[in-house]
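Atoms considered below: every heavy atom in the structure, side chains included; atoms not considered: hydrogens, waters and symmetry mates. Everything quoted here is computed from the prediction, not taken from an experiment.
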Amino acid sequence: MTQTKHYPHHIDLKPVMHVEGTVRLPGSKSISNRVLLLAALAKGKTKIVDLLASDDTFVMLTALTSLGVKWTQDELQGDPATAHQIHHVEGCGGVFPHHEADLFMGNAGTAIRPLTAALAVIGGDYTLHGVSRMHERPIGDLVDALNAVGTQIEYTGEQGFPPLRIRRGHIHAQRIAVRGNVSSQFLTALLMVAPLMARDHAVTIDVTGELISKPYIEITLNLMRRFGVTVEHDGWQSFTVQPGQQYQSPGTIHVEGDASSASYFLAAGAIGGGPVRVEGVGRDSIQGDVRFVEALQQMGATITMGENWIEARSNGPLKAVDMDFNHIPDAAMTIAVAALYADGTSTLRNIASWRVKETDRLAAMATELRKLGAEVEEGADYLRVTPPAEIQAATIDTYDDHRMAMCFSLASLDGAARRGNEMRINDPKCVAKTFPEYFAAFAGIAKDSLI
């Protein structure tokens, strides 16, 4: 998979005069890792079409192998640019074959959080650890919620953070409470394992406080339905799984293109002319990040959508916006860079979750935007960006964060309002987390440049 690809220490992007073209998106990371775990827990064999090939899915597949889950990957047939990735996962019916394993989870939050919940409920003797940044990403709210109903999860390092040791507990779950304001992945993890706990009685999960990133919970609920489990919910405050439900393979499941990855190309079209079309995601997507296009429209871009595609083109200089991005925190990073091309100061609000992602994205974004000449105000949960008269050439540090690398490639674009400039992107290999071929795809839409 992505492990064999070579990346340079940095990549230099020349100014791009115009962008135009079509990009076929890689599979959604959020959907891919959810589908892999659900397929592993289900009864029957699942054929997965267009699973994302990236570091994060490699981490999940490797972990499932260590747990005794059998899966195979078909060889690509035909042109690699248009061929479909096919994986087959043999479900284990809710019990992993191996009851002991040492699992390296990299920096994949979409893997470690639901897998922690599944292993704690199923029981065994497991250790989970990752890269140093993973050991700084909070998991305490999930662990507290699980241990309160009888699981046995211990911290082997700092309290509230991986690495973890999981042993067999005694589950007595009927009501589970979890905070909703740090990461929606905690609720996703509990939802995915609720059917394993609801053998003889209903299990209700109560959300304490405001639930962030609600569209990601909608992805979870949608995929659980595809695997035969229905969740009743009262708004966003409580979720109930009735007893007797068990995951069943849907046979074949297709992974949508990644809507977060789409944001870079759609923003490029909005900034650099266009039209730029992304394929693999469209108006009927189950991913909340397709709502990113609403922000581009508010900024003045022209957006058109089909069943399986979205297209963006510029319509003059972008307009500054003041918006709440709690529902699409990942895609919101792209707006922070697009704000460099706006006609005034833009404010991105309600994005505190940026601080517990692959890096502290609020601090990182503020630091790198200032290198380009922008005036930036960094708050506890907001970012205010005033664009420079002309974007400055800069060397961008990426903090081992794929989205930092992809976002700042956009600063090389020649927008209607001000000229982009040369960008050196350090450590471009971080894009392997979700989009190993990103820079090739970006070069594919760049016209009249020296990329």
Side-chain angles (χ1 to χ4, degrees), residues 11-25 257-279 281 289 292-305 309-321 331-344 346 365 368-369 371-374 385 387-394 396 403-425 428 431 435 437-451:
I11 189 167
D12 291 324
L13 303 179
K14 299 294 184 183
V16 177
M17 299 302 108
H18 179 72
V19 293
E20 185 175 346
T22 299
V23 177
R24 183 180 170 202
L25 296 168
D258 191 89
S260 303
S261 296
S263 71
Y264 313 114
F265 300 101
L266 296 173
I271 295 165
V276 175
R277 176 176 291 202
V278 295
E279 294 180 342
V281 67
D289 274 3
F292 170 80
V293 300
E294 297 170 9
L296 285 184
Q297 286 173 315
Q298 285 204 34
M299 296 182 87
T302 299
I303 302 292
T304 51
M305 301 177 74
W309 58 269
I310 307 174
E311 190 172 276
R313 66 176 71 215
S314 57
N315 188 25
L318 294 180
K319 301 177 177 65
V321 292
M333 293 177 69
T334 313
I335 295 295
V337 177
L340 294 169
Y341 297 89
D343 59 5
S346 292
M365 187 63 76
E368 303 308 308
L369 285 170
K371 290 181 181 178
L372 306 183
V385 182
E390 184 169 306
I391 293 170
Q392 305 299 305
I396 300 298
R403 301 210 184 280
M404 291 295 292
M406 294 186 279
C407 279
F408 279 91
S409 67
L410 299 175
S412 65
L413 300 180
D414 184 47
R418 54 191 53 80
R419 185 176 299 280
N421 215 321
E422 294 188 14
M423 292 294 131
R424 170 167 286 187
I425 309 292
V431 300
F435 200 156
E437 302 299 330
Y438 174 77
F439 287 105
F442 185 73
I445 62 167
K447 311 300 178 186
D448 305 320
S449 79
L450 298 176
I451 291 181

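Of all heavy-atom pairs spanning A312 and A270, the tightest one is CB-N, 4.3 Å. What you find for S263 and T334 is that their closest heavy atoms are OG-OG1, 2.8 Å. The shortest heavy-atom contact between L340 and A374 is CD2-CB, 3.8 Å. Listed here is the closest heavy atom pair of L25 and G257: CB-CA, 4.0 Å. Across all their heavy atoms, A405 and F439 have their closest contact at O-CZ, 4.2 Å. Between V19 and A268, the shortest heavy-atom distance links the atoms CG2-O, 3.1 Å.
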Please walk me through it: do E368 and C407 pass side-chain contact (heavy atoms from CB on, under 4.5 Å)?
CA-CA 11 Å; E368 303 308 308; C407 279; over 6 Å; no
For I445 and V16: C-alpha separation, side-chain torsions, deciding distance, then whether side-chain contact (heavy atoms from CB on, under 4.5 Å) applies.
CA-CA 10 Å; I445 62 167; V16 177; over 6 Å; no
Before giving the answer on side-chain contact (heavy atoms from CB on, under 4.5 Å), spell out for Y341 and S314 the whole-Å C-alpha distance, their side-chain angles and the decisive distance to 0.1 Å.
CA-CA 11 Å; Y341 297 89; S314 57; over 6 Å; no
After noting the C-alpha distance and the side-chain angles of M365 and M404, does the key distance pass the side-chain contact (heavy atoms from CB on, under 4.5 Å) rule?
CA-CA 8 Å; M365 187 63 76; M404 291 295 292; 4.2 Å; yes
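Put simply, the side chain of S346 gets close to the backbone of V321: a donor and an acceptor are under 3.5 Å apart. Using a distance-only test at 3.5 Å, with no hydrogens or angles considered, no donor-acceptor pair links the side chain of E437 to the main chain of F435. Judged by distance alone, the side chain of H18 and the main-chain N or O of A446 form no donor-acceptor pair under 3.5 Å. Put simply, the side chain of N421 gets close to the backbone of I391: a donor and an acceptor are under 3.5 Å apart.
The side chain to side chain contact (heavy atoms under 4.5 Å, CB included) check on A259 picks up V281, Q287, D289, V290, with sequence neighbours excluded. Under the rule for a side chain to side chain donor-acceptor pair (under 3.5 Å), R313 has no partner lying at least two apart in sequence or in another chain.
In summary, D343 and K319 do not engage in a salt bridge, as defined by a charged side-chain N under 4.0 Å from a carboxylate O.
Between S409 and Y264 there is no side-chain heavy-atom pair separated by less than 4.5 Å. At a threshold of 4.5 Å between non-hydrogen side-chain atoms, the residues P275 and E20 count as touching.
Separating the CD1 atom in I271 from the CE atom in M299 is a distance of 7.5 Å, to the nearest 0.5 Å. For the atom pair OG (S260) and CE (M333), the distance works out to 10.5 Å, reported to the nearest 0.5 Å. How far NZ of K447 is from CG of D414: 15.5 Å, rounded to the nearest 0.5 Å.
The ring-ring contact (aromatic ring centres under 6.0 Å, His included) test with F265 singles out one residue from Y438, W309, F292, and that residue is Y438.
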